[in-house]
Amino acid sequence: MGWQIVKKRQLGPVIYRLEVMAPEVSRKHKPGQFVVLRVNETGERIPLTVADKNPQEGTITLIFQVVGKTTMLLRDLPEGGEIKDIVGPLGTPTHLDKFGTVVCVCGGIGTGVLYPIAKALKDAGNKVISIVGAQSADLIILEEEMEAISDELNISTDDGSKGTHGFVTDVLKKILDSGEKVDLIIAVGPLPMMKAVANLTRPYKIKTIVSLNSIMIDGTGMCGGCRVVVGGERKFTCVDGPEFDGHEVDFDNLAQRLRTYKEQENLGREAYKCPEHSHDEAK
Amino acid sequence: MTDDKKKGKKKKEKIPRQKMAEQDPKERIKNFNEVPFGFNEEQARLEATRCIQCKKPKCVEGCPVNIDITAFLALIKEGKFIEAAWKIKEQNALPAICGRVCPQEEQCEKVCVLGKKDKPVSIGYLERFAADYERNAGEVKIPEKRPKTGKRVAIIGSGPAGLTVAGDLIKLGHEVTIFEALHKTGGVLVYGIPEFRMPKAIVQAEVDYLKALGVEVKCDVVVGQSVTLDELLQQGYHAAFIGTGAGLPLFMNIPGENLCGVYSANEYLTRSNLMKAYMFPEYDTPIIRGRNVATIGGGNVAMDSARTALRLGAEKSYIIYRRSRVEMPARNDEIEHAEEEGVEFHLLTLPLEYLADEKGYVSGMICQKMELGEPDASGRRRPVPIPGSEFKMEVDTVIVAIGNRPNPLVPKTTPDLETHRWGGIVADEETGLTSKPHVYAGGDIVTGAATVILAMGAGKKSAMAIHKELTGEDLAVTSKDAETDEE
């Protein structure tokens, strides 16, 4: 008896969207929070942000990129199939307020994480300027949704196939130099992107919040596996985060910690892709 | 026992304390199977015969849950093994667990009268024997339940404290729901204590027993996040028990502690025990299989970590402890098991710093030698650094097992729940009642990291107090009367 997948859609070459029946999580969830899930009995526990929710229907929306075995398993579940365990909502919700003008910067799968936050900021009365970036046009997701909740939407692609030819930081710099008064920046995306945004905004002295994607196991603060260094202090992404002051985060340490299980992850991914091959290896 | 019988016993050869057969150390570091094999029937009866059936048994007083020890020993002696298990279960719902992890040497066996001139009766091994016998025989009895009281109790945490409260209250006719944050029940029994000391099938059997009694179990619910304590009370629970444990790892705050390969014991053990990383890639959760593994600490958790490292293939597994052998809080049994398996003990040693390789993994550590000075607040002699004694050790995995604090999630989200500065919930010693009406707490969340049996003892006290609050019946008084009657 697990959590049922009500709807399944593919958003991009390796990005999927699942609507899952999880009434209590849906009701309790606040923007910025995530869930930890386990696909099956032998599976790992992984964190995924709740990108959207429908408390009346009792569903939550998960958007994920296929990067390893667990996300491959998740991708291969059919509509009507079940996720064995989902627990949440976890993490400290986004601090919402009427800040003024907020620039929301997201890259790749980070858009799925940022969308509920940007929507909440708009609802809180902020002017929302969004910058959505990706390597190429087919990796841009949630464009319509972001358009609907942003006062201004900018798209950028590394290869120029859509919007500005360049990085999200190029677009951000233009905005910051334009004379627009920006009160807060929120950046969610691959680690190098968040680090680049934080480095860019530091001299402008504008508060920059990032949402970190540490490896997690329990998600309730009991193991320290997700620990990050923020302002020289140890914090747990699962309970103190996932959002932190981007100017204080030790991105390099987090990048290293994310690579801890690279070998095992590769093994798991390859074995899943070619089950016959892995059987030979086991001999 | 008449004088004649006593005389007869003296003429017979004195029965020695039976030795429990165990896996050979060289073999057992290659597997995660249980290390002790348990008594066979003959050994059990012999050992039970050693008990001299004191009129005022000290062992019963020494037991945190007051099991009727002499009674169950008498039943084992008579070959009535299943009845012995049922007798234990009158006081203790989880005998298979207690028989394995209780520090009997500090409790019942410590005060056993035989221990004065001989070795005490192996009460722990016999409790384990009876519980295992009942489970294996499939003779688990569902006791008579009292009529429904119409009262509902929410139990937060399915570790030893929560399971004990659940077991006691369900039998008294209350509706009981356990809320567990993880995807499996058992708490520290399932994530903290390894398979080779606490087989998970046994924990599951105990939980299944509770479910058979009618306890409702909801996993994947983090009280404090998924639902708050106040919401539960509003939803119609008449009382709540908080047994969320000491799940907040302590770190030393020394340089290099955030390098890849430096684990808290909680993380290392949770990966191995709960997520079965020792079976990777059959199970997906990875764990680093270090060659030179250093575990910092001297308690049971440290022993478990160091012994797990060996089973994961470590060539060298070290215990790094800043005091000496005498001050180590771990059970003697477990220290011996670790020594037999080849764990190397570096005592009077303190890590100062972890060194990294070019990829950000721990590759070594700088340590300092210590000597013992005056006793500190814990009563143990304080370790004092020896100047100039720094040395380097090659390690590729470090497990920090220096202790745990109470998990802050429930207190943080329950504003009127009073806590101490260090995080423990303030609770009445006799009942576990907290500063919040209808809310009780017990186990590590109140005391800080302690033992399974103490958590169970606290659970028993709270169960009686909750029952009294909900129905007016005072069972604490009743059981004391019963004890006097038996004498």
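Letters A, B, ... are given to chains in the order of the sequence lines, protein chains preceding strands, and every chain is numbered from 1.
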For the backbone of B/C260 and the side chain of A/T260, can you confirm whether one donor and one acceptor N or O come within less than 3.5 Å of each other? no

Is chain A contacted by the side chain of [X], its backbone, both, or neither, given a heavy-atom distance below 4.5 Å?
X	answer
B/V400	neither
B/K184	side chain
B/I287	backbone
B/E231	side chain
B/T270	side chain

Closest-packed option against chain B by number of heavy-atom pairs under 4.5 Å, given [options]:
options	answer
A/A255, A/G219, A/G43, A/G68	A/G43
A/K69, A/R259, A/R38	A/R38
A/T70, A/D218, A/I86, A/V229	A/I86

Should B/D220 and A/W3 be marked as a side chain to side chain contact (heavy atoms under 4.5 Å, CB included) after you check the CA-CA gap, both sets of side-chain angles, and the distance that decides it? CA-CA 11 Å; B/D220 296 333; A/W3 274 253; 3.5 Å; yes

For B/P249 against A/G224, the heavy-atom pair lying closest together: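 Shortest heavy-atom separation between B/P249 and A/G224 comes out as CG-N, 4.1 Å.
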
Show the nearest heavy-atom pair for residues A/G88 and B/S226, with the distance to one decimal.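 For A/G88 versus B/S226, the nearest heavy atoms are O-OG, 3.1 Å.
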
Got a second to check how far [X]'s [atom1] is from [Y]'s [atom2], nearest 0.5 Å?
X	Y	atom1	atom2	answer
B/H183	A/K84	NE2	NZ	9.0 Å
B/Y268	A/C223	OH	SG	14.5 Å
A/N40	B/D284	CG	CG	6.5 Å
A/T42	B/E282	OG1	CD	7.5 Å
B/L259	A/R257	CG	CZ	8.5 Å
B/S264	A/R227	OG	CZ	6.5 Å

Under 3.5 Å, is there a donor-acceptor pair between the B/N258 and A/R234 side chains?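 There is no such pair (donor and acceptor under 3.5 Å, judged by atom type) between the side chains of B/N258 and A/R234.
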
Among B/K359, B/R271, B/M279, B/E257, single out the residue with the greatest number of heavy-atom pairs under 4.5 Å to chain A.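 Heavy-atom pairs under 4.5 Å are most numerous for B/R271.
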
Any side-chain heavy atom of [X] sitting closer than 4.5 Å to one from [Y]?
X	Y	value
A/M222	B/L182	yes
A/I217	B/Y191	no
A/K28	B/Q225	no

Quick check: under 4.5 Å, non-hydrogen atoms only, which of residues 242-254 of chain A neighbour chain B?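 A/N253, listed by number.
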
Between A/R45 and chain B, which part of the residue has a heavy atom less than 4.5 Å away: side chain, backbone, both or neither?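 Interface part for A/R45: both.
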
Relative to chain B, which segment of A/L258 carries a heavy atom at a distance below 4.5 Å: side chain, backbone, both, or neither? neither

Do the ring planes of B/Y263 and A/Y261 sit parallel (below 30°), tilted (30 to 60°) or perpendicular (above 60°)? tilted

Apply side chain to side chain contact (heavy atoms under 4.5 Å, CB included) to A/L90 and B/V222, showing your working. CA-CA 8 Å; A/L90 302 176; B/V222 181; 4.0 Å; yes

Less than 4.0 angstrom from a charged side-chain N to a carboxylate O is my criterion; do B/K276 and A/E41 meet it? no

Decide if atom CD of A/E263 counts as having more than 12 heavy atoms of other residues, nucleotides or ligands within a radius under 6.0 Å.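 No.
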
Around atom CD of A/Q10, are there more than 12 heavy atoms of other residues, nucleotides or ligands at under 6.0 Å?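 Above 12, so yes.
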
Proximal to chain A - members of residues 405-412 of chain B, heavy-atom separation under 4.5 Å: B/N407, B/L409, B/K412

